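Can you keep this structure in mind? I'll have questions shortly.
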Protein chains: 2
Amino acid sequence: MRKLTIIDIAREAQVSIKTVSRVLNHETGVGAATRARVQAIVDAHNFKPNAAARSLPGSRSYLVGLLVFSDEIHYYYSALQTGVLRAARRHGYHMIMESCRDMETEDRQSVLRRLGSSRFDALVVPPPMCDSPFILDIIEELGIPYVRIAPRVALERSSFIYMNDTEAAEQVMAHLWELGHRQIMYVGFQETGASIDRYDGYTRFFREKGCVPPYPLITVSNATAKGAIETGETLLRQADRPTAIFAGSDLVAFGLMTAAAKFGLSIPADLSIVGFDDSPGAESVWPPLTTIRQPITDMGERAVDILVKGLGGDLAVRTKEAHRLEFSLIVRGTTAPPAH
Amino acid sequence: MRKLTIIDIAREAQVSIKTVSRVLNHETGVGAATRARVQAIVDAHNFKPNAAARSLPGSRSYLVGLLVFSDEIHYYYSALQTGVLRAARRHGYHMIMESCRDMETEDRQSVLRRLGSSRFDALVVPPPMCDSPFILDIIEELGIPYVRIAPRVALERSSFIYMNDTEAAEQVMAHLWELGHRQIMYVGFQETGASIDRYDGYTRFFREKGCVPPYPLITVSNATAKGAIETGETLLRQADRPTAIFAGSDLVAFGLMTAAAKFGLSIPADLSIVGFDDSPGAESVWPPLTTIRQPITDMGERAVDILVKGLGGDLAVRTKEAHRLEFSLIVRGTTAPPAH
DNA sequence: CTGAAAGCGCTTACAG
DNA sequence: CTGAAAGCGCTTACAG
């Protein structure tokens, strides 16, 4: 069977190819009845216009860019990428990745040139680039439409996708509280502001219970587990050590688990631990980690959906939007009621 | 500055656009002098032909497919993808990912239809799909050129990229031997044949030293760390426990490290451990894991290089090739001389 | 070994 | 609200 073209659709709908093109691109200026008839035929055939043919005469490339931080393999970007790829394909776009190593230290001209020479129509900007005024200025100067993932600053600058870290933290606390824990500690990380949002949830939870948080904020490096291990060794030696620790990230949780093992503390019998991220290792460690799953893949998908809708040219949808996605608490093996 | 086209190149070289097209596509039938002159101009401008314009009239899509196993996030595929993406961009191609969840259980017709409807010009086929006759039959039936990554069966069927697992294993053994270890054990995994290749290196090393391997082959599941932890607990309880363990994968190594911690064994003072893969966690655990780094990203790049060369149409390069890439032993903190 | 013509499937710019 | 014409930058099929 030959590949369908808009000529086939046009013939079947008894309209010109231009009208089919209008419907396909959600352009205005087509009668409601005509639009419905064409759309029905498009749907019936599951017709997808040829991307090459679209981009050749047009000004669009049908490429969405995903900004990634250096070439490193990080599950956060992998997950995001899976979502971007999925949505891009759905919309007839391709994904192109642009790596941002050293963008902050590079001079303005070379970054401009580099981003300007890539021919994507729109850009998905995840952390930490989404919070860099330097990067945002350049993107805006180039006039590239963009959507940010989980930004923390200058929220008014663009559409963005986010999840509520504070609320997720409160849910972690509620889980531990219900198990009977009261001596709960939060161990965060230094690298990004997300840790603070989670700490806010921790303190807010205690406040709502009418209590004062029993421990001060502790932060370690989130780059390697070393800091968490060392901190864990100090913490767990204390006489009034917590019965449960809420770790700001899975990596911090892993470090604490290692430290606990060194002290002969059994998890979750002697100490409960909750992570944050549901990273690939969370299921592999022993016991498997109770943690918060972030909807990273969904975030990527939604970002592309917004972008493509905006590129459709319908001015009404160019409004900046903020989409909140839901997290979920994954209860696995590192949480249990406290001993006696 | 306006985007260059082959018309500009043709004018500058005083030839027709058809001749420029021939040079660009490495087609035969251009005089050596003409070819050199055109190529020089192409290089001088760093001219890249417009992919959309190429694929529109032609039969090629300028898309390379990467087959991935389900939608899971796995660093192996992430690394491969980085390489494929990098090489694809270099050659003016885009990358498209095709997920293979349940391919083995699906019926032949639906897989054929699915792969047939994606319009990539060539396919990179990593494990485990590269060893599935079912998948290979379908790809060949569709006439899609493909290169396999680290295949273990039917090597004559296609070009492939590989590394020498056995030799890498021998290098691990040499490292441990030089530190003074003699009671070295190998703990492999069940999932893929790679574990056997590594075990072969283990036994071969002892044979070359004129010894008999001191321990039998042990295998655990590579899906979660649980099996490795339990196995480790059994092994480390033994009176004649090894002074060093060569783990068939990083994940197995992580499990063994957890088990060692439970027994109060200090790594590397009481027990040395070496992994295999250099996965993202290898640097984050404590102590950081000594392991073999596989050139996964490079493998992806090379696969695309071969594919694109083949698509160039030069029959001579359609020969099946096998490219071996080099691994490297990354010595970190889990290996040291044995106690006393 | 080299080139002139037609056309891929769309969008742009314009006309009505 | 709808359509006819031109053309995007290449490749294909053909001619010499």
Side-chain angles (χ1 to χ4, degrees), chain A residues 1-39 41-42 45 47-63 91-94 119 121 308 311-314, chain B residues 1-39 41-42 45 47-63 91-94 119 121 308 311-314:
Chain A
M1 104 199 171
R2 224 184 80 271
K3 197 82 177 108
L4 285 179
T5 71
I6 59 170
I7 299 179
D8 302 306
I9 306 294
R11 183 162 24 219
E12 194 169 335
Q14 312 260 52
V15 294
S16 71
I17 60 167
K18 178 62 220 180
T19 296
V20 177
S21 173
R22 285 195 180 95
V23 172
L24 251 16
N25 292 295
H26 305 104
E27 283 171 29
T28 55
V30 183
T34 311
R35 184 185 297 275
R37 182 157 39 93
V38 172
Q39 187 64 54
I41 294 168
V42 166
H45 293 289
F47 173 73
K48 302 274 185 197
N50 179 315
R54 290 182 109 171
S55 71
L56 188 48
S59 47
R60 292 201 242 165
S61 65
Y62 292 88
L63 252 29
H91 291 292
Y93 277 64
H94 290 296
R119 17 186 272 282
D121 293 333
V308 170
L311 293 173
D314 187 349
Chain B
M1 104 200 169
R2 225 185 79 271
K3 196 83 177 110
L4 283 181
T5 72
I6 58 169
I7 300 179
D8 302 307
I9 305 294
R11 184 163 22 219
E12 193 168 338
Q14 312 259 54
V15 293
S16 71
I17 61 167
K18 177 62 217 179
T19 296
V20 176
S21 173
R22 285 195 180 94
V23 172
L24 250 17
N25 291 295
H26 305 104
E27 284 171 28
T28 55
V30 183
T34 311
R35 185 184 296 276
R37 181 156 39 94
V38 172
Q39 188 65 54
I41 294 168
V42 166
H45 293 289
F47 174 72
K48 302 274 186 199
N50 178 316
R54 289 182 109 171
S55 71
L56 188 49
S59 47
R60 291 201 243 163
S61 65
Y62 292 87
L63 251 31
H91 292 292
Y93 278 63
H94 290 297
R119 14 186 274 282
D121 294 331
V308 170
L311 293 174
D314 187 348

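As the structure is a computational prediction, the values presented were derived from the model and not from experiment. Protein chains get the first letters and strands the later ones, always in sequence-line order, with residue 1 at the start of each.
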Report which part of the nucleic acid A:S55 touches: base, sugar-phosphate, or nothing (heavy-atom distance under 4.0 Å, all strands). nothing
Considering only C:dG9, D:dG3, D:dT2, which nucleotide approaches the side chain of A:V15 most closely? D:dG3
Measure from CG on B:D8 to C1' on D:dG9 and round the result to the nearest Å. 11 Å
What is the distance from CG of B:L4 to C1' of D:dC10, rounded to the nearest Å? 14 Å
What is the base-pairing partner of C:dA13, counting Watson-Crick and G-U wobble geometry with both distances under 3.5 Å? none
In whole angstroms, the gap separating C1' of D:dC10 from CZ of A:R54 amounts to 20 Å
Contact summary for B:I9 and B:V20, nearest pair of heavy atoms: CG2-CG1, 3.9 Å
Just how far, in rounded Å, is C1' of D:dG9 from CD1 of B:I9? 13 Å
Between B:G29 and B:A53, whichever has its closest DNA chain C nucleotide further toward 5' is B:G29
Heavy-atom distance under 4.5 Å between the side chains of B:R54 and B:N25, does that happen here? yes
C:dA4 C1' sits how many Å from B:I6 CD1, rounded? 13 Å
Is any side-chain nitrogen or oxygen of A:N50 closer than 4.0 Å to OP1 or OP2 of C:dC8? no
Would you say the side chain of B:L24 lies within less than 4.5 Å of the side chain of B:S21, judging by non-hydrogen atoms? no
Quick one: does A:N50's side chain have a donor or acceptor within less than 3.5 Å of a partner on A:A52's backbone? yes
How is A:G31 classified with respect to the nucleic acid when contacts are heavy atoms under 4.0 Å: base, sugar-phosphate, or nothing? sugar-phosphate
Heavy-atom nearest pair, B:A53 first then B:P57, reads O-CD, 2.9 Å
For B:N25 and C:dC1, what is the distance between atoms CG and P respectively, to the nearest whole Å? 17 Å
To the nearest Å, give me how far apart CD1 (B:I7) and P (C:dG3) are. 14 Å
Counting only non-hydrogen atoms, which of residues 16-23 of chain B are less than 4.0 Å from DNA chain D? B:I17, B:K18, B:S21
Test item: A:F47 and A:I41 side chains (from C-beta on) under 4.5 Å apart, heavy atoms: no
Please tell me if the side chains of A:V15 and A:R37 come closer than 4.5 Å, counting only heavy atoms from C-beta onward. yes
With a 4.0 Å limit, can you tell me whether B:T34 has a side-chain N or O closer than that to the phosphate oxygens OP1/OP2 of C:dT2? yes
B:E27 CD to C:dT2 P, in whole Å, measures 13 Å
